[in-house]
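Worksheet: one structure, shown below.
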There are 2 protein chains.
Amino acid sequence: MVAKRSGARSKGDQRISVSLQPVQQASTEPPLSRERIVATAVELLDAQGIDGLTMRRLADRLGSGVMSLYWHVDNKEDVFDLAVDSVLEHRGSPETGESPDWRGDVVHMLEDWRARMLRHPWSASLLPRRALGRNILGRLEMLSKTLSRAGVADADLNAAIWSLWNYVMGATLTRASFDLSEEDRAAAQQRLTHLSEHYPTIERSRLLLDNDWDGAFRRGLDFLLDGLSPR
Amino acid sequence: MVAKRSGARSKGDQRISVSLQPVQQASTEPPLSRERIVATAVELLDAQGIDGLTMRRLADRLGSGVMSLYWHVDNKEDVFDLAVDSVLEHRGSPETGESPDWRGDVVHMLEDWRARMLRHPWSASLLPRRALGRNILGRLEMLSKTLSRAGVADADLNAAIWSLWNYVMGATLTRASFDLSEEDRAAAQQRLTHLSEHYPTIERSRLLLDNDWDGAFRRGLDFLLDGLSPR
DNA sequence: CGATTGACTCGTACGACGTACCATACGATG
DNA sequence: CATCGTATGGTACGTCGTACGAGTCAATCG
């Protein structure tokens with residue numbers, strides 16, 4: 001029984017191997033590594049969607065055997081975790097100094113968050129069931145600090161943070177899943193029109209035809225921030 | 001090639017069959033039907049979670065062969081669709097007359113929505129990728145009508161509806177997935193405390209220990225409705 | 001120097017899955 | 001009795017995640 005990949009995996013170790021192993025196959029793939037696996041998994045997810053990621057396909061793309069992956073990775077769940085985390089990279093707010101425009105800061109961070117997830121739509125549906133990684137925690141911390149600085153009462157703080165989280169998650173997830181169904185939306189609206197006797201109001205306001213997702217996100221966020229602002 | 005279950009399935013047909021087929025197996029299962037399949041699928045999902053639902057297990061519980069299911073149902077996706085829909089049952093608002101308390105009406109409907117989904121936590125993670133069924137449309141219609149009656153400008157209406165939708169979806173999904181991880185939350189908070197140098201603000205406010213989900217939902221909803229209310 | 005060890009790769013195999021295909025059974029209709 | 005629509009389910013195929021254990025190779029040690 002080997003120790004296997006027991007936690008610490010020391011990214012730096014490989015650095016020298018470039019000059020250490022030039023003898024072997026010159027034109028073939030570089031050696032496997034967690035980083036390479038994750039990067040390829042993200043490629044695959046982007047290209048084929050959530051069901052498109054299988055360990056076999058992943059190994060194929062990496063030019064390796066399937067079981068070799070399991071040296072670097074615990075299981076498929078682990079691959080998902082790492083892929084999601086790599087998408088949410090978040091710099092530790094270097095300029096969180098004392099920007100006077102707290103509202104702009106919040107909007108900017110949340111829009112960046114949403115944009116990153118929408119660039120990889122599968123991440124939205126994967127995120128909710130993951131543990132909170134450092135990237136997410138960093139974003140929550142930034143929110144908390146900024147809102148506190150803006151004057152939100154301590155008693156309201158947690159509720160305010162979760163509200164924003166909820167809103168962003170819901171909006172992103174909705175956007176990501178409705179994206180797939182361009183034709184479905186037409187069908188839905190047609191069904192709606194056909195049943196307009198039952199749903200007259202949303203038919204009239206063309207709720208399902210509205211395509212300005214970014215604008216809607218921004219406006220909804222404004223509503224919420226209006227409600228949050230200390231009176 | 002048979003016509004198979006081509007769309008219309010006319011729930012009423014079976015009504016008389018109870019008195020028509022009493023001859024056969026007295027003690028065994030009643031005949032298969034869409035309704036019975038869906039009900040059993042919900043049971044299974046409640047008991048075993050989302051991965052616990054397999055066609056074989058479903059057939060076992062129903063006391064039938066696996067392939068028999070496919071007479072009543074197109075495929076597994078179909079089962080998911082039907083299960084989600086059955087959870088969101090929504091009466092067509094009989095009292096949507098002229099209640100003076102529009103805000104109470106909205107809160108009540110959204111809390112009911114959330115409660116129904118949380119009673120079957122798997123439904124939250126399944127809903128976003130489903131087409132809009134009549135139950136959801138009915139709820140959106142109710143929202144639309146109520147907000148309009150409350151004085152929300154037509155230009156703001158769609159953004160307002162989506163905001164509420166996003167909030168409810170995000171809150172419910174978050175709640176449903178964090179539910180599983182009672183121990184994980186302890187671990188997360190411990191990791192947080194350990195790293196409190198990096199996340200001082202959310203550590204201080206005990207963001208991850210706050211257990212009052214219902215209250216947080218309600219308060220966040222109030223924030224949003226405050227922002228939505230016509231000034 | 002040869003033996004050992006530990007990091008890493010991968011072929012084979014197993015059990016579980018969704019479901020296509022086809023044979024069957026039965027009540028109603030001709 | 002023959003035919004047909006409704007309904008059931010056994011067998012089988014292809015694919016999945018991954019357990020197991022045999023293999024390779026560089027570094028280390030006696």
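Remember, it's a predicted structure, so these values are computed and weren't measured experimentally. Proteins get letters first, then strands, A, B, ... in listed order; numbering begins at 1 in each.
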Integer-rounded Å distance: C/dC8 P and A/Ile37 CD1: 11 Å
Rounded distance (Å) that lies between atom C1' of D/dT15 and atom NZ of A/Lys76: 11 Å
Check: A/Arg114 side chain, A/Thr172 main-chain N or O, donor-acceptor pair, under 3.5 Å: no
Among C/dA7, C/dG18, D/dG17, the nucleotide that comes nearest once only the side chain of B/Thr54 is considered: C/dG18
Nucleotide C/dC14, atom P - distance to CE of A/Met55 in whole Å: 21 Å
Spacing of CD belonging to A/Glu141 relative to CG belonging to B/Leu207, to within rounding of 0.5 Å: 10.0 Å
For B/Trp165, all residues meeting ring-ring contact (aromatic ring centres under 6.0 Å, His included), sequence neighbours excluded: B/Trp113, B/Trp162
Audit row: A/Arg139, A/Asp112, salt bridge (charged side-chain N to carboxylate O under 4.0 Å, His left out) steps and yes/no: CA-CA 11 Å; A/Arg139 290 181 129 100; A/Asp112 168 74; 2.4 Å; yes
Length of the CG-C1' vector between B/Asn75 and C/dC21, whole Å: 17 Å
Whole-Å distance separating the OH atom of A/Tyr70 from the C1' atom of D/dG21: 16 Å
Length of the line joining B/Trp71:CH2 and C/dG18:P, which is rounded to integer Å: 21 Å
Nearest-Å distance for atom pair CZ/P, residues B/Arg56 and D/dG10: 12 Å
Short heteroatom pairs, N/O only, protein and nucleotides 10-12 of chain C, under 3.5 Å:
unit_1, atom_1, unit_2, atom_2, d
C/dC10, OP2, A/Gly65, N, 2.9
C/dC10, OP2, A/Ser68, OG, 3.0

Below 4.0 Å: OP1/OP2 of D/dT6 and any side-chain N or O of B/His72: no
For atom CG of B/Asp51 and atom P of C/dA16, their distance in whole Å: 15 Å
Side chain to side chain contact (heavy atoms under 4.5 Å, CB included) between A/Leu127 and A/Leu88, worked out: CA-CA 10 Å; A/Leu127 193 155; A/Leu88 294 181; 3.3 Å; yes
side-chain hydrogen bond (donor to acceptor under 3.5 Å, both in side chains) partners for A/Ser125, two or more places apart: none
